[in-house]
There are 2 protein chains.
Amino acid sequence: MFKEKAIEALKNAGFKLTKPRMWIVEYLDGNKNHPSAVEIYDDLRKDKKYFSFATVYNTLDTLVKAGAIKQITVDPTCSRFDPDISEHGHFVCKICNKVYDLENIQIDFEKDYIAEIEHIDLHIKGVCKNCKKQ
Amino acid sequence: MFKEKAIEALKNAGFKLTKPRMWIVEYLDGNKNHPSAVEIYDDLRKDKKYFSFATVYNTLDTLVKAGAIKQITVDPTCSRFDPDISEHGHFVCKICNKVYDLENIQIDFEKDYIAEIEHIDLHIKGVCKNCKKQ
DNA sequence: ATTAGTGCAAACACTTTGCACGGGT
DNA sequence: ACCCGTGCAAAGTGTTTGCACTAAT
């Protein structure tokens with residue numbers, strides 16, 4: 001389960017388990033929407049969880065540093081966050097802007113300049129089958 | 001040559017060949033730095049080419065629409081642009097922030113949700129050999 | 001008790017917009 | 001001559017910062 005692993009990761013990295021952090025961790029648990037900081041803030045505020053914008057950004061940064069989540073750059077307008085830290089790709093539909101996960105990717109590339117790999121992300125942009133129908 | 005192809009693409013799409021557009025096309029010709037709009041603006045201004053920010057953004061948008069360049073999202077802080085429209089990946093060094101091209105990539109993935117592919121970009125983040133040395 | 005984390009509001013950086021003017025076709 | 005493209009300045013977003021206060025350990 002994501003929540004337990006995220007809490008472990010925070011503890012191991014010496015971070016405290018504060019309320020806003022727990023709310024955000026719970027929000028991200030099982031979330032497949034690749035939410036942005038603003039979406040996380042809005043949704044949790046609707047849910048009567050009160051905290052500031054600075055806290056969302058700080059917490060997301062903390063979770064990335066603790067290795068609990070990944071920051072993805074599919075969207076040119078804002079950073080999005082993914083609780084699924086397994087190596088996988090993303091497909092963005094340019095009509096509906098939904099971000100789909102791409103599992104089971106096979107990638108081969110030259111490592112000429114590369115000394116260390118921190119994270120791999122495959123970005124594909126196009127039209128999803130849902131939008132194509134219309 | 002990129003410049004000739006870009007001019008063709010602009011003409012074909014019915015866009016005019018204005019001075020700022022030509023400066024930006026020339027600036028991008030052979031450029032491997034994946035520059036941002038701000039970098040393009042600053043560099044060309046240093047080179048005594050006068051035009052506004054709005055024009056950089058408009059022109060880059062126009063060039064993307066004309067299919068002459070690609071917008072890449074490797075950098076979470078800003079959009080970067082690539083005159084190389086061939087299918088290739090990008091490696092970003094988290095120390096020096098340089099963006100390297102990755103040629104000869106082989107990718108295989110499931111197309112379950114995908115009806116149309118517009119563009120594929122492989123993003124790898126890590127440490128480059130140059131920075132690792134130090 | 002200690003120190004990391006939070007809230008707030010202002011500042012920032014990148015990007016977009018609206019409208020009058022100027023230059024390519 | 002027409003109308004797209006440009007310049008300007010202002011506004012819009014997403015994100016970061018500094019400092020006083022609060023709460024987790």
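Labels below follow one simple rule: chain letters A, B, ... track the order of the sequence lines, proteins then strands, and each chain is numbered from 1.
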### Message
Just to be sure I understand the rule, does A:T77 reach a base, reach only the sugar-phosphate, or reach nothing, if contact means heavy atoms closer than 4.0 Å?
### Response
sugar-phosphate
#### Entry: A:T18 vs D:dA23: side-chain N/O to OP1/OP2 distance below 4.0 Å
no
### Task
Looking only at side-chain atoms of A:F51, point me to the closest of D:dG5, C:dG7, C:dT15.
C:dG7
### Query
Rounding to a whole Å, what distance do you find between B:L60:CG and D:dT6:C1'?
15 Å
### Task
Nearest-nucleotide wise, let me know which of B:S36 and B:K16 is further upstream toward the 5' end of DNA chain C.
B:S36
### Message
Does A:K19, at its NZ atom, have more than 12 non-hydrogen atoms belonging to other residues, nucleotides or ligands within less than 6.0 Å?
### Response
no
### Query
When we call it a touch if two heavy atoms are under 4.0 Å apart, what does B:T62 touch: a base, just sugar-phosphate, or nothing?
nothing
### Query
What nucleic acid atoms does A:Y50 come within less than 4.0 Å of, heavy atoms only: base, sugar-phosphate, or nothing?
sugar-phosphate
### Task
Mind calculating the distance between CZ (B:F53) and P (D:dT13) to the nearest angstrom?
20 Å
### Message
Can you confirm if the NZ or CZ of B:K49 lies within 45° of the ring axis of B:F51 and under 6.0 Å from the centre of its six-membered ring?
### Response
no
### Message
In whole Å, I'd like the distance from the CG atom of A:D75 to the C1' atom of C:dT15.
### Response
13 Å
### Query
Taking the side chain as C-beta and beyond, is there a heavy-atom pair between B:K3 and B:I7 under 4.5 Å?
yes
### Task
Assign each of B:L17 and B:N58 to its nearest nucleotide of DNA chain C by heavy atoms, then name whichever residue's nucleotide is nearer the 5' end.
B:N58
### Task
Tell me which nucleotide among D:dC8, C:dC14, D:dG14 gets nearest to the side chain of B:C78.
C:dC14
### Message
I need the CZ-C1' distance between B:R21 and C:dT25, as an integer number of Å.
### Response
13 Å
### Query
Among the nucleotides D:dT6, C:dG24, D:dG5, which one has an atom lying closest to any side-chain atom of B:F15?
D:dG5
### Query
Which residue, A:K129, A:K132, A:K94, A:K125, forms the side-chain hydrogen bond (donor to acceptor under 3.5 Å, both in side chains) with B:E116?
A:K132
### Query
Between atom CE in B:M22 and atom P in C:dG23, what is the gap in whole Å?
17 Å
### Task
Consider the side chain of B:A54, meaning its heavy atoms from C-beta on, and name the nucleotide among C:dG23, D:dG7, D:dT15 that approaches it most closely.
D:dG7
### Task
Please state how far atom CH2 in B:W23 lies from atom C1' in D:dT6, giving the value in whole angstrom units.
11 Å
### Summary
Side-chain contact check for B:Y57: nearest option of C:dT25, C:dT3, C:dC14 is C:dC14
### Task
Evaluate the ring planes of B:H88 and B:H90, with Trp represented by its six-membered ring, and classify them as parallel (under 30°), tilted (30 to 60°) or perpendicular (over 60°).
perpendicular
### Query
Can a side chain N or O of A:S79 be found less than 4.0 Å away from OP1 or OP2 on D:dT15?
yes
### Task
Figure out the CG/C1' separation between B:D61 and C:dT17, and round it to whole Å.
13 Å
### Query
Quick one: do B:K65 and B:D61 make a salt bridge, cutoff under 4.0 Å?
yes
### Among C:dA4, D:dG7, D:dG5, the one nearest B:S52 by side-chain distance
D:dG7
### Task
Using whole Å, report how far NZ of B:K19 lies from P of C:dT25.
12 Å
